[in-house]
Novice: 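Could you have a look at this structure, given as structure tokens, before my questions?
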Amino acid sequence: LLLKCWFLKLIWFNKETTIQNYLEILKNSKIFGIFIYQDNGSIVYTNKTFNEFLGYDQSELLGVSFYNLIDVSGENLEIIKNIAKRRTQGEVFSIELKEYVLIGKNKIKVPVSIFAYTIEHERKPSGLVVVFNKTKEKAYEKLFFALSQINQLIIRQNDEEKLLKSVCDVLVDKVDYAFCIVGRVENKIFKPFFTRAQNKDNEEELKSFMFEIKAQNKCKCSASKAFYSKKVSYISNVVDLKNCMSDFFERHNISSTCAIPVVKKLKVAYIILIFDVIPNIFDGEYLHLLNEIQQDLIFALKKIEDEKFFWLTNTAVNEGFELVIITDENFKIIFVNNKHILISGYTKKELLGKNIINFFAIDKPKTFKKELLDTIKNTGEFSNIIKYKLKNTSKDYYISMFLYDYMAGEQYYILIGKEIAKEDDLKEKIFKFSHFDQITGLINLTTFEYSIELFLERAAKQNQIGAVIIINPIQFKNINHAFGYDVGNIILQNIAQRIKNNLRQYDIIAKLESDRFGILLKDLKTQEDTFVVCIKLLNELSKPYETQQGKISLSFNIGLSFFPDDAKTAKDLINKAQIALADAKTKGENQVGFFRKQIEQESSKKLKLKAELELALLNNEFIIYYQPYVDKNKKISGAESLLRWKKGANIISPGEFLPILEETSLIVDVENNLFEQVLKDIKEFNIVRYIPISINLSLQSLMLKHIKDLIITNLKYHNVDETLLKIEILERAFLNDFNYIKRLIDEFRQNGIYFALDDFGTGYSSLSYLTRLNVEFLKIDISFIKDLQNDKTKNIVKSIIYLAKSLNIKTIAEGVEELLQFDTLKSMDCDYFQGYLFYKPMPKDKFFELLKNGG
Ligand code: C2E
Ligand code: CA
Ligand code: CA
């Protein structure tokens with residue numbers, strides 16, 4: 001554009017004034033280089049800028065014919081010579097604007113635009129040539145072109161080596177760089193892999209272009225720099241430096257070079273070296289484009305790698321497994337592997353779009369589906385032996401199914417299965433699942449052990465607990481003796497059926513040696529749950545059995561062992577359950593035995609407590625205590641509502657029963673009741689003082705679908721101002737689902753209800769949570785306050801307060817018992833204080849009195 005302006009100006013001025021007037025300006029121009037020639041193209045004047053373009057010193061060019069500076073030959077050169085001659089003879093003709101490449105010192109090439117004019121210089125007709133350096137445009141042009149060419153290659157190529165070879169070729173053949181070498185670094189030596197040169201004669205030399213990659217900073221070589229930094233490195237002008245390649249550069253008139261490291265799996269896999277004869281064609285100014293080329297190539301290699309891996313896994317999935325099925329979240333089949341199509345006899349069409357459940361031969365598909373979903377949800381995986389319907393028959397498959405969360409909202413189920421080997425080739429099959437009990441059809445001891453092991457592997461990782469149960473009918477031998485084995489077998493089959501009917505589909509049932517049955521209960525919430533299952537089983541199993549000989553009654557004993565408390569291996573768990581069974585026998589008939597005696601007591605105690613708590617809820621025995629918190633002047637600023645159980649004359653603290661409430665869903669009901677009570681109380685308190693009250697909400701309550709609406713409607717219903725209610729949550733609440741809780745806090749906040757982070761600093765707390773959660777308060781856990789005399793603790797508390805301040809979060813210190821603690825905390829600028837030093841939790845009436853008396 002600049003050039004064109006000048007150009008137009010010259011045409012314009014040409015009419016009234018002469019170019020001569022402009023010569024002075026042009027001579028000093030930093031943008032335009034000029035030279036003046038006379039006879040035979042001999043240069044009689046050059047300005048500084050022109051010298052700089054070509055790398056010459058001040059008067060070096062005087063006397064040189066400009067024909068030698070232009071990179072043209074033959075006919076074209078003759079034309080130029082002819083025009084020049086006419087100018088030096090005084091002929092004036094129209095101004096030309098042309099593109100040339102000039103040859104500078106050390107044979108460097110400089111792309112330029114020029115226009116020429118006839119002037120009078122030192123009384124002689126002369127040619128004036130105005131030169132505009134186009135290196136920058138050229139550099140951009142080339143790089144853009146390179147980028148677009150490479151991008152096209154990337155889309156088309158899915159072979160790493162072919163891609164790199166094409167890149168190498170394109171950079172030279174199409175983009176017009178002088179050389180390109182794609183090489184690898186092996187043992188610190190750069191070795192060319194693909195090479196390309198403008199001049200084919202040079203390719204041989206490029207092929208042997210090996211050099212040492214030297215440690216950082218030692219060599220100015222761009223390849224070494226690129227190798228160590230993993231970043232694009234360039235040398236704008238090699239004339240300025242001496243390095244290990246100077247020789248090579250000189251021989252081939254190379255002026256500018258760059259090295260693009262291509263990183264694969266965090267390592268530099270290749271380095272692409274590009275060389276050009278134009279100085280500054282690689283420069284910091286174009287680094288972003290070079291970086292882009294680098295990133296595109298890295299991306300391409302990754303894509304190729306991923307694709308390769310994809311095909312590998314695809315083959316593995318299609319051919320390696322007997323059964324692989326992927327379904328959408330509604331269990332509709334969207335993928336089935338080739339091998340299974342081959343084995344099953346179905347066509348793809350017969351499978352795709354169908355519900356997977358329909359292919360399981362099960363009695364109650366609805367209940368099964370629910371259990372399946374529950375198990376996957378609770379344990380991450382469902383695995384069991386299931387009769388799977390093939391086209392013409394059904395076969396037992398060991399099936400494992402799990403949920404795959406692809407991205408937000410997209411969920412798939414993946415199912416893999418293996419057929420359990422047929423009876424007749426049992427001997428050859430080492431596969432453990434081939435062992436079944438002949439009478440009941442249940443799996444046998446070996447398989448049982450294997451199933452337990454499978455579970456343990458996962459359970460250990462996911463902190464699951466499990467139980468092994470052994471059930472033994474008492475004096476079963478007598479039945480066989482009295483009624484014969486056939487009757488005995490029928491009863492055993494009945495027992496198996498009853499056990500099945502009383503368990504969830506995914507619990508594993510086995511028939512062990514002689515008359516013992518084994519059960520693996522997989523996803524247990526608590527050990528007491530097992531106890532409940534055992535009682536239920538004993539009840540069901542001891543009901544009479546119908547036989548041709550009439551009703552027969554039996555008694556049972558049960559032995560129990562727990563993972564991980566009692567044992568951590570399958571064999572051990574079974575052994576300990578056997579010991580527990582012996583223990584049951586000493587107690588009498590229809591008894592449950594434990595490996596550890598105290599579990600029995602604990603379990604029954606807990607069960608009793610659970611029942612009591614349920615009653616307590618019905619009888620409204622849960623009440624609220626209030627504990628105020630104060631500001632720096634000990635003035636009451638608010639209060640926290642705390643749960644108490646009024647059991648007869650006793651007031652029981654939540655520590656003793658809260659965990660059990662939380663194990664059941666009772667907590668939700670309890671908190672709901674408390675909340676209503678708190679709202680009523682707030683209204684009463686309001687008469688004397690406008691004071692905010694906090695409630696503690698458990699994770700279960702927070703996870704309620706309509707928790708927000710529930711709270712807001714209740715506030716409205718009771719006509720309580722939102723700002724009077726604060727919600728305390730424990731840090732571990734958001735471990736479960738950080739984003740959900742974060743959203744909840746934000747939504748509540750929009751409605752004027754603010755949160756406090758309770759017990760801050762315990763467990764998993766991380767300060768980074770704080771910056772992301774929009775809470776109003778942070779309650780520094782009592783454990784810190786207790787340990788405040790310790791300097792380390794003091795510093796932690798200090799920084800918690802400091803950080804909270806910077807985030808505009810108010811701090812409440814919990815459990816302040818001593819004056820010294822209060823003073824220390826005050827000096828740290830803690831905002832509020834809660835603890836026995838000021839007030840203990842107290843019944844509502846007492847708190848009300850306190851407020852009335854001004855606190
Ligand atoms: P929290 O939320 O950290 O409540 C503070 C606990 O510290 C209360 O115990 C309180 O009595 C006690 N405390 C206050 N000042 C001092 C002090 O100076 N020294 C000592 N040693 N202790 C002090 P509390 O009432 O036994 O409650 C225990 C926990 O039970 C609460 O801890 C809270 O996590 C939970 N909780 C209480 N009510 C509810 C409720 O309605 N729902 C839920 N989910 N949890 C509740
Ligand atoms: Ca609390
Ligand atoms: Ca707390």
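Values reported hereafter were calculated over all heavy atoms of this structure, with side chains retained and with hydrogens, waters and symmetry mates removed. Sequential numbering from 1 along the given sequence is applied to the chain's residues. Every number for a ligand or one of its atoms is a count from 1 in the order of the listing. Just so it is clear, the structure is predicted and the values come from calculations on it, not from any experiment.
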Novice: Per the ring-ring contact (aromatic ring centres under 6.0 Å, His included) rule, which among F822, Y839, Y629 passes with F833?
Specialist: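 Among the candidates, only F822 passes.
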
Novice: Looking at side-chain heavy atoms only, is the closest gap between E640 and N696 below 4.5 Å?
Specialist: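 The answer is yes; the side chains approach within 4.5 Å.
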
Novice: So for ligand 1, is E671 a polar contact partner (N or O within less than 3.5 Å, distance only)?
Specialist: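 The answer is yes, given that E671 and ligand 1 share an N or O pair closer than 3.5 Å.
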
Novice: Any idea which protein heavy atom is nearest atom 36 (N) of ligand 1, and the distance to it?
Specialist: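 Protein heavy atom at minimum distance: L658 CD2, 4.0 Å.
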
Novice: Is it true that K794 and D787 make a salt bridge, defined as a side-chain N closer than 4.0 Å to a carboxylate O?
Specialist: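 Salt bridge between K794 and D787, a charged N being under 4.0 Å from a carboxylate O: no.
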
Novice: Would you say atom 26 (O) of ligand 1 has a protein heavy atom nearer than 4.0 Å?
Specialist: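 Under 4.0 Å from atom 26 (O) of ligand 1, at least one protein heavy atom found.
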
Novice: Among all protein heavy atoms in this structure, tell me which lies nearest to atom 15 (N) of ligand 1, with the distance rounded to 0.1 Å.
Specialist: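 For atom 15 (N) of ligand 1, the nearest protein heavy atom is Q627 NE2, 2.9 Å.
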
Novice: Is any side-chain N of the basic residue among D829 and K632 closer than 4.0 Å to the acidic one's carboxylate O?
Specialist: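 Looking at D829 and K632, the cut-off is met.
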
Novice: Near L674, which atoms of ligand 1 are under 4.0 Å from a heavy atom of that residue?
Specialist: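 Per the distance check, 41 (O).
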
Novice: Is the shortest side-chain heavy-atom distance between C534 and L560 below 4.5 Å?
Specialist: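 They are in contact (side-chain heavy atoms under 4.5 Å apart), so the answer is yes.
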
Novice: When you compare the side chain of V468 with that of I519, does any pair of heavy atoms fall below 4.5 Å?
Specialist: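 The answer is no, as the side chains (C-beta and beyond) never meet within the 4.5 Å cut-off.
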
Novice: What I want to find out is whether E849 reaches K852 closely enough, with some N-O distance under 4.0 Å, to be called a salt bridge.
Specialist: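 So E849 pairs with K852 through a salt bridge.
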
Novice: Around the Ca ion (ligand 2), how many protein N, O or S atoms are there at under 3.0 Å?
Specialist: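 For the Ca ion (ligand 2), the figure is 4.
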
Novice: Could you establish whether P841 and ligand 1 come within less than 4.0 Å of each other, counting only heavy atoms on the residue side?
Specialist: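 Yes.
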
Novice: Under 4.0 Å, counting heavy atoms only: does K840 come that close to any atom of ligand 1?
Specialist: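 No.
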
Novice: Any protein heavy atom at under 4.0 Å, with atom 2 (O) of ligand 1 as the reference point?
Specialist: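 Given the 4.0 Å limit, the answer for atom 2 (O) of ligand 1 is yes, a protein heavy atom qualifies.
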
Novice: Could you work out, for atom 30 (O) of ligand 1, the closest of S641, P654, S694, S653 by heavy-atom distance?
Specialist: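 Considering heavy atoms of S641, P654, S694, S653, the nearest to atom 30 (O) of ligand 1 sits in P654.
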
Novice: Got a protein heavy atom sitting under 4.0 Å from atom 18 (O) of ligand 1?
Specialist: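 Yes; the ligand atom in question has protein heavy-atom contact below 4.0 Å.
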
Novice: Is there a protein heavy atom at a distance of less than 4.0 Å from atom 32 (O) of ligand 1?
Specialist: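 No, because not a single protein heavy atom sits under 4.0 Å from atom 32 (O) of ligand 1.
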
Novice: Quick check: do E663 and K606 have side-chain heavy atoms less than 4.5 Å from each other?
Specialist: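 In contact.
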
Novice: Tell me whether the centres of the aromatic rings in F594 and F531 are closer together than 6.0 Å.
Specialist: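 Between F531 and F594, which both carry aromatic rings, the centre distance is below 6.0 Å.
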
Novice: Within the structure, does at least one protein heavy atom fall under 4.0 Å of atom 6 (C) of ligand 1?
Specialist: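 So far as the 4.0 Å threshold goes, atom 6 (C) of ligand 1 is out of reach of every protein heavy atom.
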
